[in-house]
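One structure is given below, encoded as structure tokens.
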Amino acid sequence: MGMTKTENTSSAVKQKKNILQWFNSLTDTNKLLLITIVAFVLMYVSAMIFEGKGFLKPQALCNILINNAALIITACGMSVVMITGGIDISVGGVVALVSMICAVYLDLHGGNVVVALLIALGVGLAFGLIQGFLVAYLEIQPFIVTLAGMFFARGLITIIHSEPFDVKNEAFVALKDTRIEIPFIGSFNNRGVFMPVYINIGVIVALVIVVLLFVLLRWSKIGRHFYAVGGNAQSALMLGINVKRTRFLSHIICGLLAGIGGFVYVLYVGSGSPSNALGMEMNAIASSIIGGTMLTGGVGNIIGTLFGVLSLSTIKDIVASAGLTDPWWTGITIAAMLCLFLIIQSVVISGKRKK
Amino acid sequence: MEKKTNILKKFVGNQLFIPLVALLLLIIFNLINDPSFFVITILKTKEGFPVLSGSLISIIDFGSELAILAIGMTIVTAATGGQDISVGAVIAISGSTMLRVLCGTNPQPDKLLAPIFVAFLVGALAAMLCGAFNGLLVAQFKIQPMVATLILYTAGRSIAAWINENRLPIIGEPSFGYIGNFLPGVPIPTPVFIAIACMIIIALVQKFTNLKLFTQAVGINEESSRLNGINPKFMKFMSFVILGLFVSVAALIKVTRISTITYSVIAKDIEMDAILAVALGGNKLSGGKYNIWASILGAYVIQFLTTTLYKLQVRSDALPAYKAVVVILLVIISAPAVRDKFAQITKKIKAKKAVNGGV
């Protein structure tokens with residue numbers, strides 16, 4: 001009896017050791033990604049157990065995706081810049097600017113949806129090009145450049161149009177209300193009728209972008225360059241990587257994605273308003289960080305960013321359904337979560353360095 | 001001749017050069033556009049005291065908070081190589097705390113529950129605690145300052161609303177308003193005196209303590225400063241606590257200006273202005289050497305720009321767009337890459353001239 005007990009404990013210790021060893025053998029990127037996914041699953045499952053009802057329906061997860069499609073796209077762009085070692089805090093402003101320009105064009109000028117999309121891409125690209133040039137080639141601090149970009153975008157919005165209004169363009173509204181049902185997944189409503197879950201076009205765009213970026217970062221040359229430059233710009237330069245061009249490209253990608261994000265955003269809210277996408281840059285940065293992207297650069301994963309957005313949104317829902325409806329609780333919980341993940345990151349990374 | 005160019009070079013190389021040139025440009029622009037910008041008139045307050053009024057007065061008046069913040073921001077920038085983007089939110093927290101101490105749970109008290117000085121001390125304590133929180137994250141957990149302060153940036157205004165449970169306390173006591181407006185019988189706005197007091201204090205601190213030397217040392221090379229017996233963690237931590245103190249002074253001015261508080265609007269975007277003041281002053285945003293007077297001058301130049309834009313009938317919410325353009329132009333001019341290029345071109349021209357002269 002005594003023998004087996006000690007054997008048991010020793011094997012348990014061994015197993016624990018193995019897990020620890022396996023965890024330590026992971027790269028920083030995978031370590032942080034693992035933490036993020038585990039945290040999200042834990043959070044969602046506990047929400048299912050304790051809050052029940054809403055969270056048990058598969059549509060709840062889809063609603064999170066629908067509500068945050070624009071944020072996912074924008075946060076992906078932010079992650080690319082952060083992996084390269086920079087930051088872009090203009091994305092919220094660009095999303096808002098693009099959504100306002102598209103709304104004005106579609107509603108007040110009776111424009112075409114395709115042209116609106118091209119405008120969105122153009123505006124995003126313009127921001128990416130200018131900011132990228134200033135950051136990469138003139139070597140001005142990214143924080144300052146994109147801060148000015150944010151100021152500029154936010155100011156420009158009120159110059160273009162200062163009152164909130166709904167977009168009534170027919171083709172646009174039809175596109176906005178398009179629901180894509182996923183067969184076989186769903187729940188039964190009160191009358192016992194099967195209701196398949198649905199998503200909208202924004203979600204599809206967001207997921208496609210996540211996959212594309214994942215492939216780009218994982219297997220393309222330029223994707224590896226982003227990590228190299230973010231990890232150590234000096235050694236990247238010595239390896240023959242064009243550091244300036246890589247930084248430039250990361251900002252262009254971020255700008256383009258912010259443009260697409262702006263279009264998806266206006267497709268979701270269906271109105272132009274100066275208060276659109278307020279504070280989105282902070283949500284994007286928070287999502288990236290929660291998703292395991294480090295601001296020092298070189299570490300990060302797009303899948304993590306996706307889970308970062310989902311975690312952020314889930315915690316908001318949990319707080320709301322737990323009865324903490326006072327407006328300040330959302331801000332405080334997001335901040336607390338951000339703080340927690342930052343400390344986890346710091347501990348995980350510095351723990352490795354000490355060895 | 002040579003001496004002359006030397007003096008010119010020294011002046012161009014000086015940190016105060018960029019903010020002074022910016023100031024000069026703004027002054028010239030305003031002289032051409034509308035010379036009445038510089039007129040100072042004497043108005044009478046409700047109580048019948050004569051007070052100064054005019055655009056210039058409003059610049060030094062409303063520039064006070066920014067100048068005070070710029071002092072603290074410069075120290076944080078120097079020591080940590082990052083900036084604190086939570087100052088606006090911490091102003092809301094500190095201001096909210098002061099009003100909570102003064103009013104308790106009654107939004108419109110007939111009598112203040114505590115002396116204003118005590119309220120200020122409690123507010124200062126709150127702001128310094130926020131600073132300590134930021135400092136702990138930066139110094140102990142080695143999180144980049146911009147990210148660490150992002151936490152309070154997102155939560156600060158919510159916390160401020162929570163402190164007063166979203167009430168909007170209004171203080172009727174006239175002596176409270178003296179701090180943010182005018183003392184009876186004094187024609188110059190009180191915030192100006194507070195800003196000057198802060199400047200004198202920081203000047204004395206720099207003169208008699210090692211604060212400047214140590215923060216610069218930590219900012220330039222953390223490892224070597226540690227080997228020389230400075231505790232870099234402590235210096236970084238302290239720089240945030242010091243910033244907290246200055247933030248609370250700015251909060252006091254902000255709250256007493258209007259004798260109430262609006263959680264989402266108070267000191268909005270001031271963190272951006274404060275960082276710009278530091279950058280405009282020619283201080284490296286990546287830390288190290290600094291010149292506090294250049295930052296302070298930068299703060300007033302930014303306030304000058306804001307007031308100029310207001311005079312041009314720019315709507316307050318469109319203001320950031322114009323500011324951004326100016327800021328981008330400024331950073332492009334002061335970017336090392338651009339300066340090098342410029343120096344090369346002037347050298348080439350000089351060389352050409354020399355060749356031509358030789359022939």
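Lettering follows sequence order; numbering is per chain, from 1.
Contact of B/Leu276 with chain A is made through the side chain alone, with heavy-atom distances under 4.5 Å. Contact annotation for B/Tyr322: only side-chain heavy atoms (C-beta onward) come within less than 4.5 Å of a heavy atom of chain A. Neither the backbone nor the side chain of B/Leu319 has a heavy atom closer than 4.5 Å to any heavy atom of chain A.
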Validation: residues 132-150 of chain A side-chain donor-acceptor distances under 3.5 Å, sequence neighbours left out:
from	atom 1	to	atom 2	distance (Å)
A/Thr146	OG1	A/Ile89	N	3.3
A/Thr146	OG1	A/Pro142	O	2.7
A/Thr146	OG1	A/Phe143	O	3.4

Which donor-acceptor pairs under 3.5 Å do the side chains of residues 127-150 of chain B make with protein atoms, sequence neighbours left out?
from	atom 1	to	atom 2	distance (Å)
B/Asn134	ND2	B/Ser86	OG	3.3
B/Thr149	OG1	B/Ile85	N	3.2
B/Thr149	OG1	B/Pro145	O	2.7
B/Thr149	OG1	B/Met146	O	3.3

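No side-chain donor-acceptor contact under 3.5 Å links B/Asn283 and B/Thr74. Side-chain contact, A/Ser287 with A/Thr305: no donor N or O sits under 3.5 Å from an acceptor N or O. There is no side-chain donor-acceptor pair under 3.5 Å between A/Ser273 and A/Ser271.
A search for side chain to side chain donor-acceptor pair (under 3.5 Å) contacts involving A/Ser311 returns nothing, not counting sequence neighbours.
Applying a 4.5 Å heavy-atom cutoff, the residues of residues 155-163 of chain A that approach chain B are A/Gly155, A/Leu156, A/Thr158, A/Ile159, A/Ser162.
In terms of heavy-atom pairs under 4.5 angstrom with chain B, the leader among A/Ile332, A/Asn283, A/Ile334 is A/Ile332. Annotation: maximal heavy-atom pairing with chain A below 4.5 Å, among B/Lys341, B/Met272, B/Arg157, occurs at B/Met272.
Looking at heavy atoms from C-beta onward, A/Phe248 lies out of side-chain contact with A/Val243 at the 4.5 angstrom threshold.
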Going through the checks in order, is the side chain to side chain contact (heavy atoms under 4.5 Å, CB included) test met by B/Arg100 and B/Arg167?
CA-CA 10 Å; B/Arg100 173 77 200 216; B/Arg167 284 185 302 265; 3.5 Å; yes
